[in-house]
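Computed from a predicted structure; not experimentally measured.
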Amino acid sequence: RRLSRARWVNPRNEVQLANNKLHQLAIAQAANVKVPETIITNDPKSVLAFIKSSANRKIIFKTLTPYTSPEGRMTFTIVIDSEQIIANGSNVSLCPGIYQQMIEKDFELRVMVVGDKLFFVRIDDNNRSGSIVDWRARVFDEIYSHYDAPEETKESVLRLHRAFGLVYAAYDFIVDRRGILTFLEVNPSGQWLWLEEKLGLPTSETLASSLD
């Protein structure tokens, strides 16, 4: 109660909600931002049916919450197919996961938002072979560049940011080969310094100025 008038970056309730990936998808849909076709399940039969309904018969899997093994190995987003689900059905049944239509991307975007200030970074994943499609597995590679976003894209990101009720957040999107923007997820505490150092983005300065 003593801190009810304090300015939070970010508001604590909104952060708790925004960290929930199911909530993220619901907010994006409500904000009229495209999301991949998605199911959340631990039923192998449902996953197989979802794969069958997919145009390219491939989907991606990611965990509901971030996971790092006791050995320090991170779980990244991976591409899966029917054969893998059939072979590992017992593992699928252990806990719910997020299964989404695999989108044939042209590039990805990481967007840091501070208030109404947008910092776009284009990510060209130069290692698309194999099952891991998560650029975080190659986070220190030279895959980043400045991106001059169309006004429509800027408006979509700001609309989404306001719907989450956040001051700062880092957003991940795919831009497909037709130029269509698709929301992947948001991290209300997403890191920015390595991109600031690589590309000279004034994210830290903008965030500090927002506290005045």
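Residues forming a side chain to side chain contact (heavy atoms under 4.5 Å, CB included) with Ser189 (at least two apart in sequence, or on another chain): Asn187. Val139 is linked by a side chain to side chain contact (heavy atoms under 4.5 Å, CB included) to Trp135, Tyr144, Trp194, counting only residues two or more places apart in sequence or in another chain.
A distance of 5.0 Å separates CD1 in Ile103 from CD1 in Ile174, rounded to the nearest 0.5 Å. Taken from CD in Glu185 to CG in Leu25, the straight-line distance is 9.0 Å, to the nearest 0.5 Å. Rounding to the nearest 0.5 Å gives a distance of 11.0 Å between CG of Leu211 and OG1 of Thr206. The OG atom of Ser210 sits 11.5 Å away from atom CD of Glu205, with the distance rounded to the nearest 0.5 Å. Here the CD1 atom belonging to Ile180 is positioned 6.5 Å from the NZ atom belonging to Lys34, to the nearest 0.5 angstrom. How far OG1 of Thr203 is from CD of Gln191: 12.5 Å, rounded to the nearest 0.5 Å.
A single hydrophobic cluster is seen to contain both Val175 and Val113, as judged by linkage of ILVMFWY side chains at heavy-atom distances under 4.5 Å, directly or through other members. Linking Ile, Leu, Val, Met, Phe, Trp and Tyr residues whenever their side-chain heavy atoms come within less than 4.5 Å places Leu118 and Phe107 in a single cluster. The hydrophobic clustering, which links ILVMFWY residues whose side-chain heavy atoms are closer than 4.5 Å, places Val121 and Val114 together. Residues Leu48 and Phe61 share a hydrophobic cluster, clusters being chains of Ile/Leu/Val/Met/Phe/Trp/Tyr side chains in contact below 4.5 Å. Cluster annotation: Ile86 is connected to Ile59 through the hydrophobic network of ILVMFWY side chains, with a link wherever side-chain heavy atoms come within less than 4.5 Å.
A salt bridge between Lys45 and Asp43 is absent, with no side-chain N of the basic residue lying under 4.0 Å from a carboxylate O of the acidic one.
Across Val133 and Ile60, no two heavy atoms sit closer than the pair CG2-CG2, 4.3 Å. What you find for Leu184 and Lys62 is that their closest heavy atoms are O-NZ, 3.6 Å. Between Leu201 and Met112, the shortest heavy-atom contact is CD1-CE, 3.8 Å. Listed here is the closest heavy atom pair of Leu160 and Ala28: CD1-CA, 3.6 Å. The two atoms that bring Arg138 and Ile143 nearest to each other are O-CD1, 3.8 Å, heavy atoms only. Shown here for Asp141 and Lys198, the closest heavy-atom pair between the two residues is O-NZ, 4.2 Å.
The number of heavy atoms from other shown groups lying within 6.0 Å of NZ (Lys58) does not exceed 12. Residue-environment remark: CD (Glu104) exceeds the threshold of 12 foreign heavy atoms within 6.0 Å.
Using a distance-only test at 3.5 Å, with no hydrogens or angles considered, no donor-acceptor pair links the side chain of Asn13 to the main chain of Gln16. The closest donor-acceptor contact from the side chain of Gln24 to the backbone of Ala18 lies under 3.5 Å. No side-chain donor-acceptor contact under 3.5 Å links Glu155 to the backbone of Glu152. With hydrogens and angles ignored, the 3.5 Å screen pairs no side-chain donor or acceptor of His161 with any backbone N or O of Asp116. No donor-acceptor pair closer than 3.5 Å links the side chain of Lys52 to the backbone N or O of Ser82. The main-chain N or O of His23 is found under 3.5 Å from a side-chain atom of Asn20 such that the two form a donor-acceptor pair. Checked by atom type and distance alone, the side chain of Ser46 never pairs as donor or acceptor with a backbone atom of Asn42 at under 3.5 Å.
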With side-chain contact (heavy atoms from CB on, under 4.5 Å) as the test, would you mind laying out the steps for Arg110 and Phe119 before giving the verdict? CA-CA 8 Å; Arg110 176 82 160 190; Phe119 304 100; over 6 Å; no
Going through the checks in order, is the side-chain contact (heavy atoms from CB on, under 4.5 Å) test met by Ile80 and Tyr99? CA-CA 9 Å; Ile80 58 175; Tyr99 300 87; 3.6 Å; yes
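A tilted orientation is assigned to the rings of Tyr171 and Phe164, their planes being inclined by 30° to 60°. Classification of the Phe183-Phe173 ring pair by plane angle, with boundaries at 30° and 60°, yields perpendicular.
Side chains of Val167 and Pro11 form a contact here, defined as non-hydrogen atoms less than 4.5 Å apart. When side chains are defined from C-beta on, Ile98 counts as touching Leu64, because their heavy atoms get closer than 4.5 Å. Side-chain contact between Thr41 and Phe50 is absent, with no heavy atoms from C-beta onward closer than 4.5 Å. Considering only heavy atoms from C-beta on, Leu207 comes within 4.5 Å of Trp192 through its side chain. The shortest distance between side-chain heavy atoms of Trp8 and Glu14 does not fall below 4.5 Å. Between Tyr147 and Val111, the closest side-chain pair of non-hydrogen atoms is not below 4.5 Å.
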